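Remember, it's a predicted structure, so these values are computed and weren't measured experimentally. A note on names: the letters A, B, ... follow the listed sequences, proteins ahead of strands, and every chain is numbered from 1.
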Amino acid sequence: MSLSCHRRANPAYHMSMKPIVTRFAPSPSGFLHLGNARTALFSLLAALPDGRFLLRIEDTDRARVSPVFTDAVLADLDWLGLGAYIDHQAIWRQSAREAIYRGQLDRLSQLGLSYPCFCSPAELAHEREQLRARGLPPRYSGRCARLPESEVKARLARGEPAAWRFRVPGGETVCFVDRVRGPQTVPADTLGDFVVARASGEPMFFFANAIDDALAGVTLVLRGEDHLPNTPRQILLLNALKLPVPEYGHLPLVLGESGVPLSKREGAASVAELREQGFLPLAIVNYLARLGAAIACEDLADLKELAGVFSVDHIGRSPAHFDRQQLLHWQRLALARMPDETLVAWLPAEVPAQARAAFVRAVRPNVLFARDFAYWAAVIYGAAPVTIGTAAGEALQAVGRPFFDIALGALADRTPPGELPGRLKAAGIGGKRLFHALRAALTGSLEGPEMRDLLVLMPPDIISRRLMDAVGVLC
RNA sequence: GCUCCCUUCGUCUAGUGGCCUAGGACGCUGGCCUCUCACGCCGGUAACAGGGGUUCGAAUCCCCUAGGGAGCGCCA
């Protein structure tokens with residue numbers, strides 16, 4: 001077997017003499033899911049701090065692509081914080097570059113490296129089926145490659161529809177070093193002459209994709225492992241056209257909690273969904289940066305800090321599972337980092353202006369999402385009675401009616417609510433029973449912010465009402 | 001069917017022949033703090049998929065098996 005390896009011609013890619021140029025190339029046929037978001041993130045982290053990170057919209061498939069999704073993907077990237085690092089001048093859409101692809105397609109045919117294929121889709125499907133039935137990999141036979149030139153000309157002149165196939169060189173071996181998977185060698189003969197342009201004249205995805213990467217000066221392509229089989233074809237194409245070949249790194253897929261690849265409708269798989277659930281971008285970024293990769297940093301870090309500890313060499317080779325618990329951990333850390341003033345802005349209107357800062361300080365240890373602030377606001381300031389949970393109900397029973405009579409009596413005597421625990425303790429009920437009962441009556445739950453803070457925040461009339469409600473529950 | 005790939009605690013991972021009685025993080029769990037819950041702090045639990053080799057020595061190298069994944073389009 002010959003070993004004429006199409007190794008990249010330009011050693012500069014390897015020696016990091018030139019800045020790294022990476023890109024993210026989503027096809028806007030749906031919302032940005034976590035797997036793609038991670039690919040984008042890794043690509044950005046690989047380029048930071050000195051390189052460039054490009055964004056290309058692969059919208060050549062008019063049937064599936066929608067501008068709605070394009071905008072949504074862009075918005076998601078911005079929201080995650082990646083947008084700030086994208087060279088916005090450099091965002092481009094493949095749909096606007098058809099002339100460029102056509103030019104390269106023409107070059108290919110002028111070089112004699114591509115040929116028209118008149119086989120109908122039905123014929124091809126039939127052929128594939130037969131090969132498969134015989135236990136052979138379904139590859140194109142190369143029938144049209146052997147057509148006499150006169151016949152080709154005649155059929156073309158007749159306007160017969162034809163796709164264009166790349167003439168894969170026989171006997172060669174394509175070699176490349178995948179930055180994630182290591183050295184790869186693929187005998188070109190296993191590829192089969194592949195289609196580079198549809199009969200309609202449109203370029204195939206991986207053709208346009210490779211051309212764009214080369215023309216944009218991309219030095220490192222990070223993408224999902226489902227693109228690995230395309231890589232030898234793209235290298236062959238780029239070599240044939242004398243265009244620079246980037247390095248490639250193929251990321252293992254991200255699996256949902258059920259073990260199914262994330263791209264296939266998994267719950268909570270899209271960035272948009274997580275945003276709606278209240279997750280912070282910093283939490284998602286920190287989670288994703290460590291999903292399927294080893295990062296020498298266990299603290300919450302921003303994109304620049306993450307880039308400092310990120311390395312393509314530490315990307316794992318096995319698929320990673322999405323784990324909500326882990327994401328929640330980063331959410332906790334990300335929330336803890338938010339300054340009080342920011343959190344104050346999240347509060348619903350029912351929290352009085354003069355109490356907002358104190359409210360945030362008291363409640364934030366018990367909160368994971370913005371909506372949790374709303375929950376506590378409703379508990380503390382809401383006119384509606386709280387719903388008493390089972391455990392809370394038992395806490396009420398444990399102290400009995402006299403407890404509430406004492407508390408209500410004290411309040412009637414204009415005792416500040418903050419002194420309630422002291423009063424009750426003096427009456428002989430203390431410790432856990434006291435606080436649990438009080439908490440149960442006031443909030444309906446046994447968990448929540450410090451009672452000390454709660455008693456100060458909660459308006460006295462609401463406290464009285466809640467205590468009376470508790471008595472009602474006891475009866 | 002064929003080709004290629006993957007496999008360390010439940011999860012994310014460290015580990016590239018001796019530093020491994022396998023380390024960290026999340027989770028779970030015990031304790032401390034606290035008149036209560038949470039937060040925080042300190043401990044504990046738990047893994048080299050299985051089987052053969054190679055070697056003085058293997059999580060690390062080789063082979064086989066099992067399980068999982070991807071690809072094989074005029075989809076991207």
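Between A:His33 and A:Phe322, the distance separating the two ring centers is not shorter than 6.0 angstrom. Checked against the 6.0 Å centroid threshold, A:Phe207 and A:Phe166 do not count as a close aromatic pair.
Mapped onto RNA chain B by nearest heavy atom, A:Ala320 and A:Met451 fall at different nucleotides, with A:Ala320 at the one closer to the 5' end. Across the interface with RNA chain B, nearest-nucleotide mapping of A:Trp330 and A:Leu333 shows A:Trp330 to be the residue nearer the 5′ end.
A:Gln325 comes within contact range of the sugar-phosphate backbone alone, with a heavy-atom separation under 4.0 Å but no base atom that close. Among the heavy atoms of the strands lying under 4.0 Å from A:Arg290 are primed sugar atoms or P, OP1, OP2 only; no base atom is included. Residue A:Ser27 is classed as a sugar-phosphate contact, given heavy-atom separations below 4.0 Å to backbone atoms only. Within the nucleic acid shown, A:Leu446 comes within 4.0 Å of sugar-phosphate atoms alone, with no base atom in reach, counting heavy atoms only. Within the 4.0 angstrom heavy-atom criterion, base atoms lie near A:Ala199. Within the 4.0 angstrom heavy-atom criterion, base atoms lie near A:Asn230. Contact annotation for A:Arg139: no contact, since no heavy-atom pair falls under 4.0 Å across all strands. Residue-level contact check: A:Ala293 touches the backbone only, with heavy atoms under 4.0 Å from sugar-phosphate atoms and none from bases. Counting non-hydrogen atoms under 4.0 angstrom, A:Arg439 reaches a base of the nucleic acid. Within 4.0 Å of A:Glu450, counting heavy atoms only, lies at least one base atom of the nucleic acid.
Judged by distance alone, with hydrogens and angles left aside, the side-chain atoms of A:Tyr287 form no donor-acceptor pair with the main-chain N or O of A:Gln331 at under 3.5 Å.
Between A:Arg198 and B:A76, a side-chain N or O to OP1/OP2 separation shorter than 4.0 Å is present. Contact annotation: A:His436 does not reach the phosphate of B:C37 (side-chain N/O to OP1 or OP2, under 4.0 Å).
Of all nucleotides present, none satisfies the Watson-Crick or G-U wobble test against B:C19 with each distance under 3.5 Å. B:A66 is paired with B:U7 under the criterion used here, namely a Watson-Crick or G-U wobble arrangement in which both key atom distances are under 3.5 Å. In this structure, B:A58 forms no base pair with any nucleotide, since neither Watson-Crick nor G-U wobble geometry is met with both distances under 3.5 Å. Searching all strands for a Watson-Crick or G-U wobble partner of B:G1 with both distances below 3.5 Å returns B:C72.
Taking the C1' atoms as reference points, B:A14 lies 9 Å from B:A22, given to the whole Å. Across the C1' atoms, B:A49 and B:U60 are found 16 Å apart, a figure rounded to whole Å. Across B:G43 and B:C62, the matching P atoms stand 39 Å from one another, rounded to whole Å. Distance noted for atom P between B:G30 and B:C39: 14 Å (whole Å). Nucleotides B:A47 and B:C12 are separated by 13 Å at their C1' atoms, to the nearest Å. Atom P of B:A58 sits at a distance of 12 Å from the matching atom of B:G53, rounded to the whole Å. Comparing the same atom, C1', in B:C42 and in B:U34 gives a spacing of 16 Å after rounding to whole Å. Only the C1' atoms considered, B:U55 is 35 Å distant from B:G10, to the nearest whole Å.
Of the candidates B:G69, B:C26, B:G71, B:G69 carries the atom nearest the A:Glu225 side chain, counting heavy atoms from C-beta on. For A:Arg181, the listed nucleotide lying nearest its side chain is B:C5; candidates were B:C5, B:A76, B:U8. Of the listed nucleotides (B:C74, B:C6, B:C35), B:C74 has the atom at the smallest distance from the side chain of A:Val195. Considering only the side chain of A:Met204, B:G73 comes nearest among B:G10, B:U7, B:G73. For A:Ser318, the listed nucleotide lying nearest its side chain is B:C6; candidates were B:C75, B:C6, B:U36. When the nucleotides B:A76, B:C37, B:G73 are ranked by their closest atom to the side chain of A:Asn366, B:C37 comes out on top. Here the side chain of A:Arg332 is nearest to one of B:C26, B:C39, B:C6, namely B:C39. Looking at the side chain of A:Arg132, the nearest of the listed nucleotides B:C72, B:C35, B:C39 is B:C72. Among B:U11, B:G73, B:C37, the nucleotide with an atom closest to any side-chain atom of A:Arg128 is B:G73. Candidate nucleotides B:A25, B:C35, B:C2 were compared by shortest atom distance to the side chain of A:Gln326, and B:A25 ranks first.
Figure legend: A:Arg165 and A:Tyr140 shown as a cation-pi pair, the cationic atom lying under 6.0 angstrom from the six-membered ring centre and within 45 degrees of its axis. Under a cutoff of 6.0 Å and an axis angle of 45°, A:Arg371 and A:Phe369 form a cation-pi pair.
Atom pair A:Leu131:CG and B:C2:P shows a separation of 14 Å (rounding to whole Å applied). The CZ atom of A:Arg324 sits 18 Å away from the C1' atom of B:C28 (whole-angstrom rounding). One can place CG of A:Leu420 at 14 Å from C1' of B:U36, the figure rounded to the nearest angstrom. Taking atom CH2 on A:Trp376 and atom P on B:C37, their separation rounds to 14 Å, with Å as the unit. The distance from atom CG of A:Leu228 to atom C1' of B:C4 is 8 Å, rounded to the nearest whole Å. In this structure, A:Tyr248 places its OH atom 21 Å from P of B:C4, rounding to the nearest Å. Summarising the geometry, the separation between CD on A:Gln184 and P on B:C6 is reported as 8 Å, rounded to the nearest angstrom. When the C1' atom of B:A38 is taken as reference, atom OH of A:Tyr375 falls 13 Å away, rounded to whole Å.
A:Arg290 has no carboxylate O lying under 4.0 Å from a charged side-chain N of A:Glu298, or vice versa, which leaves the two without a salt bridge. Here A:Glu123 pairs with A:Arg143 in a salt bridge; the nearest charged N to carboxylate O distance falls below 4.0 Å. Note on A:Arg56 versus A:Asp213: salt bridge recorded, some NZ/NE/NH1/NH2 to OD/OE distance being below 4.0 Å.
Between the side chains of A:Gln104 and A:Arg107, at least one donor-acceptor pair of N or O atoms lies under 3.5 Å.
Residue side chain A:His227 meets the stacking definition with respect to B:A76: its ring centre sits within less than 5.5 angstrom of the base's six-membered ring centre, and the planes differ by less than 30 degrees.
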